[in-house]
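Here is the structure we will look at, set down as structure tokens.
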Amino acid sequence: MSGEPIEDTIRKFALQNAIFFKGKANPKAVVGKILGGFPEYRSKVAEITETINGIVEEVNAMGLDAQTKALQEMDSSLLVKEKKERVYHLPDLESAEEGKVVMRIAPGPSGPLHIGHTRVSILNDEYVKRYGGKLIARYEDTNPEKIDPEAYDMIPEDLEWLGVKVDESYIQSSRFEIYYDYTRKLIEMGKAYVCTCNGDHWRELKEKKMACPCHDLPVEVQMERFEKLLNGEYKEGEAVAVVKTDLCHPNPAVRDFVALRVVEHPHPLTGDKYRAYPMMNLSVAIDDHLMGMTHVVRGKDHLNNTVRQQYIFDYFGWKKPVYYHYGLVNIPDTVLKTSLIKKSIEAGEYSGWDDVRTGTVRALKRRGIRPEAIRRYWIESGMKSVDIQFSWDGLYSMNRDIIDGISNRYFFVDSPVRYDIEGIDVIDGKAPLHPDHPERGDRIYKIDGSKTIFISEEDSKQFSDAGKIRLKDLCNIEYGMPAKYIGNDVSILKHGAKAVQWVSRDSVKASILMPDGTVREGLAEKALLDEKCDSVQFERIGFVKIEKKNPDMIETVFTHR
């Protein structure tokens, strides 16, 4: 538009605005368009506004058909309305300095990651990438009874598949001496004590804002008790180390909290080396400081933990990270608890951690859910404090946007029923590999010899009732044994005939593993053996991921419709 008279440019924008809004242009919208594109007119607002008002009045008197014709002659490209895709953006981090942001994810190695874990992983990863910072993975394995040793290897694999880049990794069970040292310092400062009271009685006193008898014992006694705690002289439940807070705090959960407890169960990595195990509020506060956390992003179920941990920061005079707490998410219709999944695997009920009936990252990967879709889902969910309901349909929609363009189309027929066709010697047909990508070519069909095809059992029943069907992209047939060829006129569909998927006699046995664990068995087009992408769409069924294929069998896993 550069170089043309400004009046012509105004007329184009006025025509465009009128066409997009039922024949009536808004002069203010046109003014904004002109001033935005031609800043030199901002000093002449009154003059240019008068010109725009006059032109808009002329345009609005034309009628929609005349407006369309006029814009077609002036600049037809303006007739296409630009689609503005909404861009979701996480809010900026408070006090974030470029290159100095340090954040962390803290998986517990009880099994591989599931869909719920991906939220915190992706949000932290997004921020670190935005600010050019550092992401730390800290394996919080201080509950030995819930650890699966294989998880130490599975979780990094899951993170890598998700596209989460970890810069440093730490395992808390290798840092016990560090936690002991800082607990000693807290005791020496009078900010912690070793309690040998009955646990229930200790909690009752806290509820009443009262200190237990151990609370104010001399530091020398506390240190003696602490060494006994570390040396294994207390049995499980007989003693705990406690961090002092404020016994009058309005929130009972914040009042004095346990820092170390005795655990007699051996640890998968350290065995029986330690008996005094840190609770998460002690180890997390110490590690967040030592590892230099600048920002902590996690669910609002950690709000009380944040308050507890800040006591430790204050006692040592450490600079606190900036904390963010997003709302909780309810994830329906899937199994997430790793202990339940593990039991089902051991009982032979599940095939493994990637069993499609679970919500593990491995199961989603197996099904053909792309990590980009998961990332987009959590970014669009944002970090608001309100609780949300996870939408599988929403995730599938985002995944569909990714895989639809790369997934070629094929026919799959389950519970196949055979039909021979008479009335023609050779039947030729073709169907595009992808309707939006003609450059990929076609699936070419040539049915001769016995002219045998297979359709699904369900379609066969409808065929016998209706009397006629259309074999999609091939021909029309009339019911019978054999069936009769009745031409290739697609107008048969206007008269109620149904178009059905079919395969020829050179098809390949195929199966689809469904999300509920059932398997659909049938036949698929032979051309599928040459498919290079692992994601395809079985027409009328949905997207599937090819898991195994050979001339004897093609095994697929259902993704979604």
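This structure is a prediction, so every number in the text was calculated from the model and none was measured.
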>> Quick one, E349 with R357, criterion salt bridge (charged side-chain N to carboxylate O under 4.0 Å, His left out). Give me CA distance, side-chain angles, the key distance, then yes/no.
In response: CA-CA 10 Å; E349 298 169 8; R357 288 167 287 185; over 6 Å; no
>> Strictly below 4.0 Å, N to O, side chains only: are E422 and K451 in salt-bridge contact?
In response: no
>> Do P107 and H117 make a side-chain contact, defined as non-hydrogen atoms from C-beta onward lying under 4.5 Å apart?
In response: no
>> By the definition side-chain contact (heavy atoms from CB on, under 4.5 Å), identify the one residue from L474, D428, V426 that meets it with I447.
In response: L474
>> One thing to verify: whether D387 and K300 come together as a salt bridge, which I'm taking to mean a side-chain N less than 4.0 angstrom from a carboxylate O.
In response: yes
> V503 versus F412: any side-chain heavy-atom pair under 4.5 Å?
Replying inline: no
> If you round to the nearest 0.5 Å, how far is OG1 of T556 from CZ of R520?
Replying inline: 9.5 Å
> Got Y377 and Y396 here, is their nearest side-chain heavy-atom distance under 4.5 Å?
Replying inline: no
> Should R138 and V284 be marked as a side-chain contact (heavy atoms from CB on, under 4.5 Å) after you check the CA-CA gap, both sets of side-chain angles, and the distance that decides it?
Replying inline: CA-CA 9 Å; R138 190 171 65 220; V284 165; 3.7 Å; yes
> In terms of side-chain heavy atoms, does D75 have a donor or acceptor partner in S77 at a distance below 3.5 Å?
Replying inline: yes
>> Between L471 and I427, is the side-chain contact (heavy atoms from CB on, under 4.5 Å) condition met? List the steps.
In response: CA-CA 11 Å; L471 302 177; I427 312 174; over 6 Å; no
> Can you check whether E521's main-chain N or O pairs, donor with acceptor, with S511's side chain at less than 3.5 Å?
Replying inline: no
>> Do Y127 and L135 have side chains that approach each other closer than 4.5 Å (heavy atoms only, starting at C-beta)?
In response: no
> Would you call R540 and D459 a salt bridge, taking side-chain N to carboxylate O under 4.0 Å as the test?
Replying inline: yes
> Crowded around E160 CD? As in, over 12 foreign heavy atoms under 6.0 Å?
Replying inline: no
> Is it true that D534 and R370 make a salt bridge, defined as a side-chain N closer than 4.0 Å to a carboxylate O?
Replying inline: yes
>> Please give me the minimum heavy-atom distance between P432 and R443, naming the atom from each residue.
In response: O-NH1, 2.9 Å
>> For a 4.5 angstrom cut-off between non-hydrogen side-chain atoms, does T358 reach W353?
In response: no
>> Ignoring hydrogens and geometry beyond distance, is a side-chain donor-acceptor pair present between D148 and S110 at under 3.5 Å?
In response: no
> Taking T360 for the side chain and H114 for the main chain, is one N or O donor matched with an acceptor at less than 3.5 Å?
Replying inline: no
> Is there side-chain contact between F411 and L523, with at least one heavy-atom pair below 4.5 Å?
Replying inline: no
> Which pair of non-hydrogen atoms, one from I19 and one from T68, has the smallest distance, and what is that distance?
Replying inline: CD1-CA, 3.6 Å
> When you measure from the side chain of H295 to the backbone N and O of N124, does any donor-acceptor pair fall under 3.5 Å?
Replying inline: no
> Should the pair H434 and H437 be assigned to parallel (<30°), tilted (30 to 60°) or perpendicular (>60°) ring geometry?
Replying inline: perpendicular
>> Other residues, nucleotides and ligands only: do more than 12 of their heavy atoms fall within 6.0 Å of NZ on K146?
In response: no
> Any idea which heavy atoms bring D355 and S351 closest together, and the distance?
Replying inline: OD2-N, 2.9 Å
>> Pair N408, C533 - check side-chain contact (heavy atoms from CB on, under 4.5 Å), show working.
In response: CA-CA 8 Å; N408 287 331; C533 182; 6.0 Å; no
> Would R119 and S381 count as having a side-chain donor-acceptor pair, cut-off 3.5 Å?
Replying inline: no
> For Q389 and N330, does a side-chain donor sit closer than 3.5 Å to a side-chain acceptor?
Replying inline: yes
>> Under a plain distance cut-off of 3.5 Å, with no hydrogens placed, do D141 and S173 share a side-chain donor-acceptor pair?
In response: yes
> Are the side chain of Q537 and the backbone N or O of E539 linked by a donor-acceptor pair below 3.5 Å?
Replying inline: no
> Can you check salt bridge (charged side-chain N to carboxylate O under 4.0 Å, His left out) on R104 and D287, steps first, answer last?
Replying inline: CA-CA 10 Å; R104 46 84 163 173; D287 282 344; over 6 Å; no
> So, R362 and E157, do they make that salt bridge, N to O below 4.0 Å?
Replying inline: yes
> Is it true that atom NZ of K129 has more than 12 heavy atoms of other residues, nucleotides or ligands lying nearer than 6.0 Å?
Replying inline: yes
>> Please check: side-chain N/O of T334 versus main-chain N/O of G359, any donor-acceptor pairing under 3.5 Å?
In response: yes
> Has the side chain of R561 got a donor or acceptor atom that lies under 3.5 Å from a matching backbone atom of I541?
Replying inline: yes
>> Taking M514's backbone N and O only, do any of them form a donor-acceptor pair with T518's side chain (distance below 3.5 Å, no angle check)?
In response: no
> Where is the tightest heavy-atom contact between I341 and L336, given as atom of each residue plus distance?
Replying inline: CD1-O, 3.9 Å
> Which atoms form the tightest heavy-atom contact between A137 and V166, and what is the distance?
Replying inline: CB-CG1, 3.6 Å
>> For the backbone of I486 and the side chain of E478, can you confirm whether one donor and one acceptor N or O come within less than 3.5 Å of each other?
In response: no
> So with a 6.0 Å cut-off around NZ of K498, is the heavy-atom count from everything else above 12?
Replying inline: yes
> V413 and F454: which non-hydrogen atoms are nearest, and at how many Å?
Replying inline: CG2-O, 3.8 Å
> If only atom types and distance count, is the side chain of Y485 paired as donor or acceptor with the main-chain N or O of D425 below 3.5 Å?
Replying inline: no
>> Check K545 with E547, please: is the shortest side-chain N to carboxylate O separation under 4.0 Å?
In response: no
> Is there a side-chain contact between I374 and L395 (heavy atoms, below 4.5 Å)?
Replying inline: yes
> Does the side-chain contact (heavy atoms from CB on, under 4.5 Å) test come out yes or no for E555 and L513, once each step is laid out?
Replying inline: CA-CA 8 Å; E555 297 178 18; L513 175 60; over 6 Å; no
> Relative to the ring of Y323, is the ring of H325 parallel (under 30°), tilted (30 to 60°) or perpendicular (over 60°)?
Replying inline: parallel
> Pick one: which of Y445, Y419, Y410, F463 meets ring pair (Phe, Tyr, Trp, His ring centres under 6.0 Å) with W502?
Replying inline: Y445
>> Between S456 and V500, is there a side-chain heavy-atom distance shorter than 4.5 Å?
In response: no
>> Do R400 and F543 form a cation-pi contact, if we require the NZ or CZ to be under 6.0 Å from the six-membered ring centre and within 45 degrees of the ring's axis?
In response: no
> Does a salt bridge link R130 with D92, judged by any charged N lying under 4.0 Å from a carboxylate O?
Replying inline: yes
> With no hydrogens and no angle check, is any side-chain donor or acceptor of N17 less than 3.5 Å from a backbone partner on F13?
Replying inline: no
